[in-house]
Amino acid sequence: MEIVSIDSMQVYRGMDIGTAKPSRSERESVPHHLVDVADPWEDWSVARFQAEARAAVAAIQARGHRALLLGGTGLYVQAVVDDLRFPGEDLELRAELTARVEREPGGLADAYAELERVDPAAAARTEPGNTRRIVRALEVIQSTGQPFSSFGPGLGEYGPTVFPVQMAGVWMPRAILRERIDQRFDAMWERGLVEEVRDLDDDSRGWSRTARQAIGYKEILAHLRGEQPDLDAARDSAVRRTWALARRQRVWFRRDPRITWFGAPVNSRAAVLPALLAWWCP
RNA sequence: GGCCGGGUAGCUCAGUCGGCAGAGCACACGCCUGAAAAGCGUGGGGUCACCGGAUCGACGCCGGUCCCGGCCA
């Protein structure tokens with residue numbers, strides 16, 4: 001068996017403590033893929049992840065091994081196992097559209113009206129206030145000449161996967177999850193998360209748009225820049241953002257009918273292992 | 001003790017001339033195909049510190065009480 005990490009932040013080299021990366025010994029005992037494949041100053045994207053993760057899965061299978069895809073970035077899971085095709089990007093056009101939407105009064109409403117006119121199906125699954133999604137849809141339409149909606153039915157439609165997959169989800173009572181998140185931050189602080197961020201920040205190549213938004217890193221950077229003088233407040237903010245992330249993960253994965261759920265009302269990951277293993281290797 | 005400022009949602013605070021109680025954050029629910037640890041929508045939640053008064057009508061005006069902060073003694 002080999003592990004493929006399905007995680008948008010563990011791809012970054014050097015961002016070890018805050019992304020709860022697998023330890024050295026874990027990585028020595030089982031091969032891990034898609035960990036440490038980019039530098040913090042590089043932009044990362046779901047399309048790049050899709051290509052590299054699928055290549056990793058293919059290589060694992062070619063070795064006669066079994067791939068264990070492990071992680072919590074919902075869009076990335078679907079990008080790997082589902083037949084998602086991401087239309088290309090046009091960063092110049094995107095920047096132009098973004099500037100127009102943000103500068104002109106009523107620009108966002110105009111952009112949404114345009115999307116409704118040229119691609120009603122895409123407009124229907126995009127909320128009128130969501131600048132980022134509206135701009136992306138218009139970018140694709142204008143650069144490809146095709147409706148944005150023609151590239152797929154949407155993420156809530158689950159067709160056949162591109163290779164055979166068994167999907168398992170692990171749940172935990174919310175109160176326990178909260179407690180664990182809090183304790184996890186304490187542990188990260190003790191292991192030197194603040195120093196890790198400071199060291200990475202000393203590199204003049206800086207932080208890419210994607211790397212800089214990682215939970216914990218973003219808040220500590222704000223502290224180092226003097227924007228958030230209170231380090232405890234920065235920590236609290238990171239804890240709350242983790243909880244919000246966990247909530248979005250719950251929402252994302254629980255609507256996927258292909259997932260079999262495992263869990264127990266106790267604070268123990270090991271508690272679910274027997275049932276999980278029995279299901280996985282009958 | 002005196003003077004001044006304040007007390008409104010879990011938190012931080014708006015509230016114009018007296019006319020149905022508001023925002024941000026938090027929380028809950030949900031959406032989202034090249035930033036996804038991102039972005040976005042909807043919702044629940046109130047003894048407007050308390051007591052009394054004038055008024056058709058008070059968070060707002062008048063009188064009093066309590067609490068918090070600052071200054072003075």
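The chains referred to below are lettered A, B, ... by the order of the sequence lines, with proteins before strands, and numbering in each begins at 1.
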On a whole-Å scale, what distance lies between the [atom1] atoms belonging to [N] and [M]?
N      : M      : atom1 : answer
B/rA58 : B/rC11 : C1'   : 27 Å
B/rG53 : B/rG57 : C1'   : 15 Å
B/rA54 : B/rG63 : C1'   : 11 Å
B/rC68 : B/rA36 : P     : 50 Å
B/rA23 : B/rU55 : P     : 34 Å
B/rG19 : B/rC61 : C1'   : 15 Å
B/rC62 : B/rG24 : P     : 32 Å
B/rG6  : B/rG39 : C1'   : 39 Å

Find the distance [X]:[atom1] to [N]:[atom2] and express it as a whole number of Å.
X        : N      : atom1 : atom2 : answer
A/Arg209 : B/rA37 : CZ    : P     : 15 Å
A/Trp44  : B/rA36 : CH2   : C1'   : 14 Å
A/Arg250 : B/rC31 : CZ    : P     : 13 Å
A/Phe185 : B/rA37 : CZ    : P     : 14 Å
A/Arg136 : B/rU33 : CZ    : C1'   : 8 Å
A/Tyr158 : B/rC32 : OH    : C1'   : 11 Å
A/Leu84  : B/rA36 : CG    : P     : 15 Å
A/Tyr76  : B/rC32 : OH    : P     : 18 Å

Do you know the tightest heavy-atom contact between [X] and [Y]?
X       : Y        : result
A/Pro40 : A/Ala211 : O-CB, 3.2 Å
A/Asp82 : A/Thr161 : OD1-CG2, 3.8 Å
A/Arg54 : A/Val80  : NE-O, 3.0 Å
A/Ile60 : A/Ala67  : CG2-N, 3.8 Å

Could you let me know what [N] is paired to, Watson-Crick or G-U wobble, both distances under 3.5 Å, or none if it's on its own?
N      : result
B/rA23 : B/rU12
B/rA35 : none
B/rG60 : none
B/rC29 : B/rG41
B/rG1  : B/rC72
B/rC48 : none

For [X], answer base if it contacts any base atom (sugar-phosphate contacts may also be present), sugar-phosphate if it contacts only those atoms, and nothing otherwise; contact means non-hydrogen atoms under 4.0 Å.
X        : value
A/Phe148 : sugar-phosphate
A/Gly156 : nothing
A/Thr73  : sugar-phosphate
A/Gly216 : nothing
A/Asp43  : nothing

Determine whether the aromatic ring centres of A/Trp279 and A/Phe262 lie less than 6.0 Å apart.
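They qualify: ring centres under 6.0 Å apart.
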Residue whose nearest RNA chain B nucleotide is more 5′ - A/Arg94 or A/Gly72
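The residue mapped nearer the 5' terminus is A/Arg94.
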Pick the closest RNA chain B nucleotide for A/Ala214 and for A/Arg125 by heavy atoms, then say which residue is nearer the 5' end.
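The residue closer to the strand's 5' end, by nearest nucleotide, is A/Arg125.
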Can you see whether [X] engages [Y] through a side-chain donor-acceptor pair at a distance of less than 3.5 angstrom?
X        : Y        : result
A/Thr73  : A/Asp7   : no
A/Gln50  : A/Tyr76  : no
A/Ser25  : A/Glu28  : no
A/Tyr112 : A/Thr126 : no

Think A/Arg247 forms a cation-pi with A/Trp243, using NZ or CZ under 6.0 Å from the six-ring centre and within 45 degrees of its axis?
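Not flagged: A/Arg247 not positioned over aromatic ring of A/Trp243.
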Show me the protein contacts with nucleotides 38-42 of chain B, counting only N or O atoms at under 3.5 Å.
residue, atom, partner, partner atom, Å
B/rA38, OP1, A/Arg241, NH1, 2.4
B/rA38, OP2, A/Arg248, NH1, 3.0
B/rA38, OP2, A/Arg248, NH2, 2.3
B/rA38, O4', A/Gln213, NE2, 3.3
B/rA38, O2', A/Arg132, NH1, 2.0
B/rA38, O2', A/Arg132, NH2, 3.3
B/rA38, N7, A/Arg248, NH1, 3.3
B/rG39, O4', A/Arg132, NH1, 3.4
B/rG39, O2', A/Asn130, OD1, 2.5
B/rG39, N2, A/Asn130, ND2, 3.1
B/rG39, N3, A/Asn130, ND2, 3.2
B/rC40, O4', A/Asn130, ND2, 3.2
B/rC40, O2', A/Glu127, OE1, 3.4
B/rC40, O2, A/Glu127, OE1, 3.0
B/rG41, O4', A/Glu127, OE2, 3.2

Using atom names, set out every protein N or O paired with an N or O of nucleotides 22-27 of chain B below 3.5 Å, distance rounded to 0.1 Å.
none

OP1, OP2 of B/rC32 versus side-chain N and O of A/Thr126: anything below 4.0 Å?
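For B/rC32, OP1/OP2 do not have a side-chain N/O of A/Thr126 under 4.0 Å.
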Test item: A/Tyr217 and A/Trp207 side chains (from C-beta on) under 4.5 Å apart, heavy atoms
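In contact.
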Check whether any side-chain heavy atom of A/Val57 lies under 4.5 Å from a side-chain heavy atom of A/Glu2, and answer yes or no.
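Of all side-chain heavy-atom pairs linking A/Glu2 with A/Val57, none is under 4.5 Å.
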